[in-house]
Amino acid sequence: RFCSFVSDGIFDLIQITAAECMADVEVFFQQIPPHAIDAMEASIRDVMVNLQPWLYEFPINTPTGEKWLRGNAMPQPESDGSVRWHGVLVDITSNKAMEAALHALNLRLQHLLSSSPAIIYTCHASPPHAATFISANIERQLGYTAQEFLATPEFWSKNIHPYDRDEILQNLAPLFTTGKHVHEYRFRHKNGDWRWMRDELLLVPGNENRQPELIGYFIDITEDHQKD
């Protein structure tokens, strides 16, 4: 393999001149870390067989440290049986750093949510108040997985104790005036037990692009009721 043309911008990416790349393209591939080169080479082989566009992200070592590049190229068959590539390389190092930071933040948030006794949720403001998000610690608190809770729009209302359900649903009406509400009710644990929950929720008004929704948390206060 060889390069018949490389723009001078290659130096800004990896501190290798265009002339060096065109003289020996292997100087470019030698900068790919050992843990990444096999997968990259495999992606190139696949494109050579299928002659489909190549879009690939990979790390590369440079004198100033590791960078991440995105390659975007189109293979073009030549009359002599060879394949010519036309493409660009873009520095996406800052994007990758942002992705890593967001991933770390998500891990911290997941840890906080999973270790907290409060079950965080969002749901539709209109009946049956179908949940759109619920924290994974619901499984530890009430036995249900988050997927079970989200799969059925009426899951929350149907698992409120029959003696509490009508009053709880009726008392949600002032929420749309005050913007917030607190109530307590019995909720069915997956094992069949009834647990007392304290539920605090807030109305998030909608606009022309978004329906209003409720956000809140509920927490098991069964022990407090047993003391009473």
Side-chain angles (χ1 to χ4, degrees), residues 1-115 120-122 124 131-136 145-147 150-151 204-211 213 215:
R1 54 193 174 192
F2 68 94
C3 287
S4 58
F5 171 78
V6 179
S7 71
D8 292 335
I10 190 69
F11 186 83
D12 295 330
L13 290 180
I14 59 174
Q15 282 73 58
I16 296 176
T17 67
E20 290 174 310
C21 282
M22 287 187 285
D24 182 5
V25 72
E26 295 304 323
V27 299
F28 173 84
F29 288 94
Q30 288 166 5
Q31 305 302 109
I32 310 298
H35 67 84
I37 189 64
D38 288 345
M40 181 181 178
E41 294 277 18
S43 74
I44 293 173
R45 287 194 298 270
D46 287 343
V47 169
M48 293 290 286
V49 172
N50 299 316
L51 297 179
Q52 296 295 315
W54 183 67
L55 183 62
Y56 192 77
E57 297 178 359
F58 57 95
I60 189 165
N61 295 321
T62 77
T64 58
E66 184 181 83
K67 288 186 175 183
W68 275 84
L69 303 182
R70 177 185 294 124
N72 190 348
M74 175 65 73
Q76 176 183 320
E78 297 290 295
S79 58
D80 62 0
S82 63
V83 177
R84 182 185 296 271
W85 289 54
H86 303 273
V88 295
L89 293 172
V90 179
D91 187 344
I92 59 168
T93 306
S94 60
N95 302 52
K96 286 293 183 178
M98 187 178 297
E99 288 176 9
L102 288 173
H103 179 67
L105 177 61
N106 285 334
L107 289 177
R108 289 195 290 270
L109 288 174
Q110 288 172 14
H111 173 71
L112 289 173
L113 289 174
S114 63
S115 60
I120 311 298
Y121 67 86
T122 63
H124 293 300
T132 53
F133 166 81
I134 194 156
S135 54
T145 66
Q147 290 76 16
L150 297 173
V204 179
N207 55 38
E208 63 274 12
N209 299 316
R210 186 187 68 247
Q211 294 295 316
E213 68 174 351
I215 63 173

Look up atom [atom1] in [X] and atom [atom2] in [Y], then write down how far apart they are to the nearest 0.5 Å.
X: F133; Y: E213; atom1: CZ; atom2: CD; result: 11.5 Å
X: R70; Y: D91; atom1: CZ; atom2: CG; result: 10.5 Å
X: Y56; Y: D46; atom1: OH; atom2: CG; result: 10.0 Å
X: M74; Y: L55; atom1: CE; atom2: CG; result: 11.0 Å
X: L13; Y: I60; atom1: CG; atom2: CD1; result: 8.5 Å
X: Y121; Y: T132; atom1: OH; atom2: OG1; result: 10.5 Å

[X] atom [atom1], neighbour heavy-atom count above 12 within 6.0 Å:
X: M98; atom1: CE; value: no
X: D8; atom1: CG; value: no
X: Q211; atom1: CD; value: no
X: H35; atom1: NE2; value: yes

Considering all heavy atoms of both residues, which atom of [X] and which atom of [Y] are nearest to each other, and what is their separation?
X: M40; Y: F29; answer: CE-CE2, 4.0 Å
X: E66; Y: P33; answer: OE2-CG, 4.1 Å
X: S4; Y: R84; answer: OG-NH1, 3.2 Å
X: G71; Y: F58; answer: N-CE2, 4.2 Å
X: P75; Y: V83; answer: CB-CG1, 3.6 Å
X: I16; Y: C21; answer: CG2-SG, 3.8 Å

Exercise for review: Begin from the C-alpha positions of V90 and N72 and carry the test side chain to side chain contact (heavy atoms under 4.5 Å, CB included) through to its verdict.
Suggested key: CA-CA 8 Å; V90 179; N72 190 348; over 6 Å; no

What residues form a side-chain contact (heavy atoms from CB on, under 4.5 Å) with S94, not counting sequence neighbours?
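Partners of S94 by the side-chain contact (heavy atoms from CB on, under 4.5 Å) criterion come out as none, since no residue qualifies.
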
Pairwise side-chain contact, [X] with [Y], heavy-atom cut-off 4.5 Å (strictly under):
X: E41; Y: I32; answer: no
X: F11; Y: E20; answer: no
X: F28; Y: I14; answer: yes

Practice prompt. Report the C-alpha distance between F5 and H86 in whole Å, list the side-chain angles of each, state the deciding distance to 0.1 Å, and finish with yes or no for side chain to side chain contact (heavy atoms under 4.5 Å, CB included).
Written response: CA-CA 10 Å; F5 171 78; H86 303 273; over 6 Å; no

Discussion item. Test side-chain hydrogen bond (donor to acceptor under 3.5 Å, both in side chains) on E78 and Q76; report intermediate values, then the result.
Written reply: CA-CA 6 Å; E78 297 290 295; Q76 176 183 320; 3.2 Å; yes

Who pairs with S7 by side chain to side chain donor-acceptor pair (under 3.5 Å), at least two apart in sequence or on another chain?
->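 Result, side chain to side chain donor-acceptor pair (under 3.5 Å) vs S7: none returned.
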
